[in-house]
Amino acid sequence: MIDKTVRDIELSEKIVIVRVDFNVPFKPDTNEISSLNRIIASLPTIRYLIEENASVVLCSHLGRPKGVFRKDLSLNLVLPKLQALLGVNVKFSSSLDFSEIKKGISELLPKEVMLLENLRFYPEEELNDKDFSKKLANLADVFVNDAFGVSHRAHASVYGITNWITPVSGLLLEKEYISLSKIFESHSHPVSIILGGGKVSDKINIVKRLLNVVDKIFVGGGMAATFLKAKGLQVGNSIVDDQFIGVVNKLASDSLYIPLDVVVSDRFEDSGNIRICSVNDIKTDEMIMDIGPKTIDSYIKEIEKSKTIFWNGPMGVYEWNNYSKGTRAIAEKVSEDKFISVIGGGSTVDAISKFGYESLMTHISTGGGASLEFLEGQLLPGIEPLLRKNSEGD
Ligand code: 3PG
């Protein structure tokens with residue numbers, strides 16, 4: 001059980017640092033945000049803190065800049081959307097120097113909000129560096145973790161900081177914890193997992209572990225190429241995580257489904273020479289953009305037999321019409337009310353709401369990897385410090 005949330009503590013005139021997950025998805029090849037879901041989900045906590053007369057300091061990561069500044073991953077890009085949704089002016093702290101940041105925060109009045117620059121511009125964030133965690137903790141009187149989406153990462157702003165300042169849960173993190181715990185305790189078999197999108201490196205270990213506990217795993221989207229290449233197939237210009245080919249090879253199982261056919265194009269655009277082909281027939285200058293019709297039919301036939309479905313990662317480049325059929329068809333099936341359905345992750349949620357199925361799912365989670373690891377029964381590093389000590393196994 002969550003020990004304390006923002007509702008349980010005194011906040012008036014306190015400086016409150018809130019870890020949010022503003023890792024929003026962007027439209028392919030642009031810096032236009034494609035889904036505001038994660039920002040919207042964080043608003044109740046921010047509004048609550050403002051009402052309670054706190055000075056609010058928001059911090060988040062965006063993308064994977066690997067410890068260096070990148071203009072295209074600055075949280076400045078999120079600022080206009082955040083301000084518009086929140087309806088108040090939000091200051092932006094572009095500095096990466098802690099004494100400057102601290103000075104800016106000291107000038108914040110109660111009810112004012114400031115957004116810090118992308119935490120992953122500091123290499124120390126992902127390393128869970130002790131001094132960096134302490135510096136973050138020293139910025140505020142209160143630390144609120146509302147970043148469910150990144151609670152599976154033992155990073156400084158999620159985990160290390162809690163060694164220096166007692167964390168309390170935000171309203172979003174509490175809501176995710178309660179809903180997912182209920183589903184975890186009561187879900188029934190057969191359980192199917194649908195995995196797409198990129199991030200093969202993250203998901204491969206989850207696939208390895210989940211093969212023992214779930215009934216079927218369906219692979220599509222950006223992950224498919226690595227699985228197909230591991231079977232010795234030609235995948236053209238599709239992005240492959242070569243270092244995982246060996247691991248994928250060892251995963252052969254009757255419970256693991258990979259595409260039979262795919263939609264390919266010779267350009268990463270909503271045009272080009274587009275065709276549907278068997279996975280045995282991808283040309284060297286082509287790339288996989290979606291799962292094909294035979295794959296859709298076979299996945300849907302198997303998904304039909306499920307009782308519980310977890311879905312993380314789209315089946316193709318759903319943002320472009322020519323490659324949206326796979327994601328749309330799977331969304332339509334999963335939305336049927338006979339299933340317990342959990343949808344996780346920025347892009348998947350964006351796809352589901354774009355196609356109009358959002359309200360039909362059992363739970364829409366802001367976490368992709370986080371919701372999968374939670375449902376696997378893992379005690380997540382960002383959640384563990386928030387739990388009541390005698391109920392950690394809850
Ligand atoms: C997510 O998008 O799943 C979270 O924001 C975590 O991001 P990460 O996978 O880059 O750690």
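What you see is a predicted model, and the numbers here were worked out from it, not measured in a lab. We count ligands from 1, going down the list as the structure has it; atoms in each ligand are counted the same way. Counting from 1, the numbers follow the sequence of the chain as shown.
- The aromatic rings of Tyr299 and Tyr257 lie perpendicular to each other, with more than 60° between the two planes, well past the 30° mark.
- At a cut-off of 3.5 Å, with distance as the only test, a side-chain donor of Asn280 or Ser278 sits close to an acceptor on the other residue.
- Nearest residue to atom 7 (O) of ligand 1 from Arg38, His61, Arg64 is His61 (criterion: closest heavy atom).
- In this structure, a donor-acceptor pair under 3.5 Å is present between the side chains of Thr366 and Glu176.
- For Glu126, the closest heavy-atom approach to ligand 1 does not fall below 4.0 Å.
- At a 4.0 Å cut-off, not a single heavy atom of Gly346 sits close enough to ligand 1 to count as contact.
- Among all non-hydrogen protein atoms, the one lying nearest atom 3 (O) of ligand 1 is Lys199 NZ, 3.4 Å.
- Interface atoms of ligand 1 facing Asn23, defined by a heavy-atom separation under 4.0 Å, are 1 (C), 2 (O), 4 (C), 5 (O), 7 (O).
- Between Glu107 and Lys91 there is no salt bridge, since none of the side-chain N atoms of the basic residue sits less than 4.0 Å from a carboxylate O of the acidic one.
- The single protein non-hydrogen atom nearest to atom 4 (C) of ligand 1 is Gly149 O, 3.3 Å, given as residue, atom name and distance.
- Heavy-atom proximity to Asp21, at under 4.0 Å, picks out these atoms of ligand 1: 4 (C), 5 (O).
- Short contacts between ligand 1 and Arg153, defined as distances under 4.0 Å to a heavy atom of the residue, involve ligand atoms 8 (P), 9 (O), 11 (O).
- A salt bridge links Arg7 to Glu174: at least one charged side-chain nitrogen sits closer than 4.0 Å to a carboxylate oxygen.
- Heavy atoms from other residues, nucleotides or ligands lying under 6.0 Å from NZ of Lys175 number 12 at most.
- The contact set between ligand 1 and Asp202, taken as ligand atoms under 4.0 Å from a residue heavy atom, comprises 9 (O).
- Atom CD1 of residue Ile239 and atom CE of residue Met287 lie 8.5 Å apart, to the nearest 0.5 angstrom.
- Using bins of under 30°, 30° to 60° and over 60° for the plane-to-plane angle, the ring pair Phe310/His187 lands in the perpendicular bin.
- By the 3.5 Å distance cut-off applied to N or O atoms, His155 is not counted among the residues near ligand 1.
- With a heavy-atom cut-off of 4.0 Å, Lys203 does not touch ligand 1 at all.
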